[in-house]
S.K.: 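Starting off with a structure, shown below.
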Amino acid sequence: MKRTATLFLLIVSIAAFPRAQAPAEQLDYETIGRIRDEGLNRSQVMDHISWLADVYGPRLTGGPGIMQAGDWTLKKFAEWSLSNPHRETFQFGKGWSLERFSAHMIEPQVQPLIGLPGGWSAGTNGTVVAEVVRAQIDTEADIERYRGKLAGKIVLTQPARAVSMLEGLIVHRMTPEEFAEAATTPIPAARGRGGRGGAGGRGAADNSLRQKIAQFYKSEGVVALFNRGGDSASASAGSNLDTQQQRTDGGTIFPSGNGSRAADAGQAVPSVTLAVEHYNRMTRILDKGLPVKVELNIQTKFYDETSPNGFNLVAEIPGTDPALKDEVVILGAHFDSVAHSPGATDNATGSAAMMEAMRIIKAIGAKPRRTIRIALWGGEEEGLMGSRAYVREHFADVTTMTLKPAHAKVAAYFNSDNGSGRIRGIWLQSNLAVAPIFQQWIEPLRDLGVTGLGPRSVSSTDHVSFDNAGLPGFQFMVDRLEYNSRSHHSNMDTVDRVQRDDMVQHATVIAVIAWNAANRDEKLPRKALPPPQRSNTTDADR
Ligand SMILES: [Zn+2]
């Protein structure tokens, strides 16, 4: 009864809500049907993902894996007859790769340790055996307390963390309640004084203390630092429906503590994140007053930036309408991964979906009115570096909001970077004028599960670089599956976590959306041009 009444109210309220007076979109159903046929029945998306993650992962910017992956991808672009496949480079800093890692507890018993060095970690001096001690150093007073006591030791830098049982679902698909929530916009919290991170504020103080502590470890002659990762924090609370938490347990680790990639790279004490269970075991033995010894070998390699170490990959399907072919629809995703992961769901999936969308459109011989461009970014994990560099080079200097002529030619930018799930809708990025357009675009995709439009702005990946420059950039709304609980930035972000059927849908939906954007009479509407931004704003993928 209650249910019926609610439904009735819902129908009444929808009927009473004034429909947006947008002109009807002229959708090209014939081509959309062919895109769906090619995408759903002859998908190659899993093959792209396997090459990027299995064969070439990790794809850490500046390292050898991403370079090889780039070569492979440019070859695929050429194979599909995309136009002008090429790299565009940007300054990044030193590259890094892990050459060898092994760690064994050897006293009081032998246990191979699950763990991984943080990116840009220094190596050890060959295989070393060292006593393990606990020393949690968070303040200047802590530094003095431990002075002279840590030489030749491996230091456990955090307290043990209780591991809870794996209860409840760790696989996440959007529920009706979450669609309802996504359709709302939370009021942003007030930004008062004493906020985080301002120059000279708490952030700067934290940073200088962190540097002091790092120098202390170094001058003390510490062999290595072990941590057990974070405290199951939500991956990025708020805007992107992150209802689960990272599960830093069960052998899955989310290594933390990236070293410097600047000129001083490799100077700090080597740092390793261990599986929490192995870390906790050592703390419990130490608590009994018994010694723990570890045999450790870390070999790492640094790559100087003699020419720019960062690159983006770009190729096109040229437009055919004389009046519109200079305009461009850009499909983007970050191509790089973090240091310690094959990067299957973050973000071989997004890159492969964009590649597959291009392949589909090319394979059916469709001729878009506007140019469709694919751009796969490097350096996203370090602060959207590739997409920011690209926007700066081609469209706008956001520090002054000086626009280049090509700024006027961008019809739309679409991004994929939330893992292996089905596309369930599009975040509007507070660009309400696109709502009635996208509403019509998703109609022929409803049977594939695309139903949601979220008015709010979402952050943390490369569409932000476009949005910051006043360009219409959008991120897709996706089912997170195991992204937040298992795969995102973990050592277990392997192709096993990628769901084939979801990815087939994901790539097909993107191809349809790109087709619509490339063929409608007008570019997508834009928001007002934003004021100049600070250039050093980072909004790295988290
Ligand atoms: Zn990502």
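Model, not experiment: these values are computed from the prediction. Numbering of ligands and ligand atoms starts at 1, following listing order.
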S.K.: Check whether any N, O or S atom of E380 sits under 2.8 Å from the Zn ion (ligand 1).
M.R.: no

S.K.: Could you give the side-chain donor-acceptor pairs of residues 265-274 under 3.5 Å, partners two or more places apart or in another chain?
M.R.:
from	atom 1	to	atom 2	distance (Å)
T273	OG1	N227	OD1	2.9
T273	OG1	N227	ND2	3.4
T273	OG1	S256	N	3.1

S.K.: Using a distance threshold of 2.8 Å, state whether an N, O or S atom of D346 lies below it from the Zn ion (ligand 1).
M.R.: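 It does; at least one qualifying atom falls short of 2.8 Å.
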
S.K.: Any ion pair linking R173 and D502 (charged N to carboxylate O, less than 4.0 Å)?
M.R.: yes

S.K.: Check D417 and report its N/O/S atom nearest to the Zn ion (ligand 1), by atom name.
M.R.: OD1

S.K.: Assess R161 against Y279: is NZ or CZ under 6.0 Å from the centre of the six-membered ring, and within 45 degrees of the ring's axis?
M.R.: no

S.K.: Work out which heavy atom in S121 is nearest to a heavy atom in T300; give both atom names and the distance.
M.R.: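 Closest pair (atom of S121, atom of T300, distance): O-OG1, 3.0 Å.
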
